[in-house]
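This is a predicted model, so every value here is computed, not measured.
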Amino acid sequence: MGMAYGFVVSVMVIVIGLQAFILPAAVWQGDEYDYFSNIREHGLAFLSDRMLHWSMRPFSEIVIFGYGSLVNLLHRPLTWVFLSLTWLFCAIVAFLPFLRQARIPVPARMLIAASLAAIFMLGHPSADLFYWPMATIAHLPVLAAACGLVLLNIANILSGRAEALLLTLAMTSSEAGLFLGTLWLGGRGFQALFFRNDLPDRQRNWLFFPAGTWLCLAASMIFNHRVSIGGFPYTPTHGHVWASFAASFSPLLNTMIALQPDELSRGSTFTGSAIAAGLTLKLILTGALTALFMTCGIRPALRTLILPAIALIGAMYLTIAAAFYEFGFLCCQRHETFRLDLSFLLILLLAAALSTILSERLTFLLQNRAPAKMLESSALAGLLVFTAWTGYWRLPGMSLAIAGLPLEKAAHQRLWASGLSSGTDMIYQQGTSSPAFYYWYWEPGTYHAGGPGWDVQSAMRYFGKTTIHVLPPSSLPSVPR
């Protein structure tokens, strides 16, 4: 059984390794060019204006400001370095406390952490969340904080300090994190008022820190934040609060059930096959995790799972409503990916609840060696089936990404060499446009300063050019499948 655990963990590590292997192909979009141009021109004044009048995200805004300042100093994009460090930081936040403190066998701890990390990357498009610096630093820390909260909660080792730090990180990274933190803190407040004995004084005292952070963020958003809802086609939800809330129930239900590899960020919806596949896959994952939790001793009190579940579901719902309100449709890929990954955390909570219930009723299974080994084997098999099925969806894009990695690196080098060259013209060389990491497509053609294309204009501004020639994506002779 030890070898079986090692094999499944190795599979998960390979999945994660393949995703990390193509990090050098990650690219900037118009946001980086525009943001880093403003850093160069306005310095700290731009950072303060951004947080006061665009989005109150102290953590992510300060980090991206530091990254942009370093790039401007060195004249190198450092994209894969920044993303690698962000991935590493988020992995530490999500998994290290659980790996160090959980009172469950080490192989099970390693398997849970590795499986979750791999699963977050599968079952849906992930380029916009994992391979775009501006989006990654805003949303991946929120997912990491939510994951850490759930893992420590189901393992019954969530300390007041860890809870406070994770909530603060989530709330200061993006609006989605603020939604999550608002619901979590609201639940804790209710618990303190009506179920005081369930919340020890030491843990309750730690919550003053994230509560104070929440007050500062809320006050800033209310008094200084400008919400722009212009520039998008009118829809019945665009700019209408109650219509946005009403329209969000069906997408929430679909997100909790479905999975699919197709792009959803341009307003399309889950297909019937996506809902059927997602239901099957999530049932398999629920069964696998339930069996694993039963055998490794994860059996939390059911009442401790209510608050995380409400916070996760509420955060998913509010991000959907916010998209309907601001954009009029479900934009963007990073938001959809984030919500689908939260649905995996809901499965984690459901599996923990089922483990508690079934362990009490099926004690004889766990006390006998043969049935217990069968449960473990079923858990490992279920995780492998989920990974193989969703990994097959990712295979074409990943194959193109790996095969095209030399072309991607060469394209990036030519782009920056042209951008930093003397003169007023530059050539913008696009990569292979693999869906594994490449999301935004730039229409080929020649553009001039003051013309159309916000993202192209931002690139010209960053490099100090007046003309840019955007080339079509590089192509491979054949794409492995």
- Item | ring pair (Phe, Tyr, Trp, His ring centres under 6.0 Å) between Y131 and W80, intermediate numbers included | CA-CA 8 Å; Y131 298 95; W80 76 269; over 10 Å; no
- Check whether any side-chain N or O of E163 sits under 3.5 Å from a backbone N or O of L149 as a donor-acceptor pair, and report yes or no. no
- Check whether more than 12 heavy atoms from other residues, nucleotides or ligands sit under 6.0 Å from atom CH2 of W28, and answer yes or no. yes
- Provide the closest heavy-atom pair for G391 versus L122 in the form atom of the first, atom of the second, distance. CA-CD2, 4.1 Å
- Of all residues at least two apart in sequence or in a different chain, which pass the side chain to side chain contact (heavy atoms under 4.5 Å, CB included) check with I347? K282, L285, T286, L289, F344
- Near W214 CH2, under 6.0 Å, is it more than 12 heavy atoms from other residues, nucleotides or ligands? no
- Sole residue of F36, Y428, W416 in ring pair (Phe, Tyr, Trp, His ring centres under 6.0 Å) with F463: W416
- Item | Heavy-atom pair of closest approach, residues A379 and L292 | CB-N, 3.6 Å
- Item | With sequence neighbours excluded, residues passing side chain to side chain contact (heavy atoms under 4.5 Å, CB included) with F245 | V241, W242, Y317, L318, A321
- Task: Begin with the C-alpha distance, continue with both residues' side-chain angles, and end with the deciding distance and a verdict on side chain to side chain contact (heavy atoms under 4.5 Å, CB included) for T79 and V27.
- Result: CA-CA 7 Å; T79 309; V27 295; over 6 Å; no
- Residue list, side chain to side chain contact (heavy atoms under 4.5 Å, CB included) with L96, at least two apart or on another chain: I92, R100
- Message: Tell me whether F46 at atom CZ has more than 12 heavy atoms from other residues, nucleotides or ligands lying less than 6.0 Å away.
- Response: yes
- Look at R461 together with D34 and state whether they make a salt bridge at an N to O cut-off of under 4.0 Å. yes
- Please lay out, stage by stage, how S250 and N254 fare under the test side chain to side chain contact (heavy atoms under 4.5 Å, CB included). CA-CA 6 Å; S250 178; N254 287 340; 4.0 Å; yes
- Query: Has the side chain of E443 got a donor or acceptor atom that lies under 3.5 Å from a matching backbone atom of P472?
  - Reply: no
- Item | Check: Q333 side chain, D128 main-chain N or O, donor-acceptor pair, under 3.5 Å | yes
- Task: Kindly determine whether F89 and L169 satisfy side chain to side chain contact (heavy atoms under 4.5 Å, CB included), including the steps that lead there.
- Result: CA-CA 12 Å; F89 170 77; L169 174 63; 4.2 Å; yes
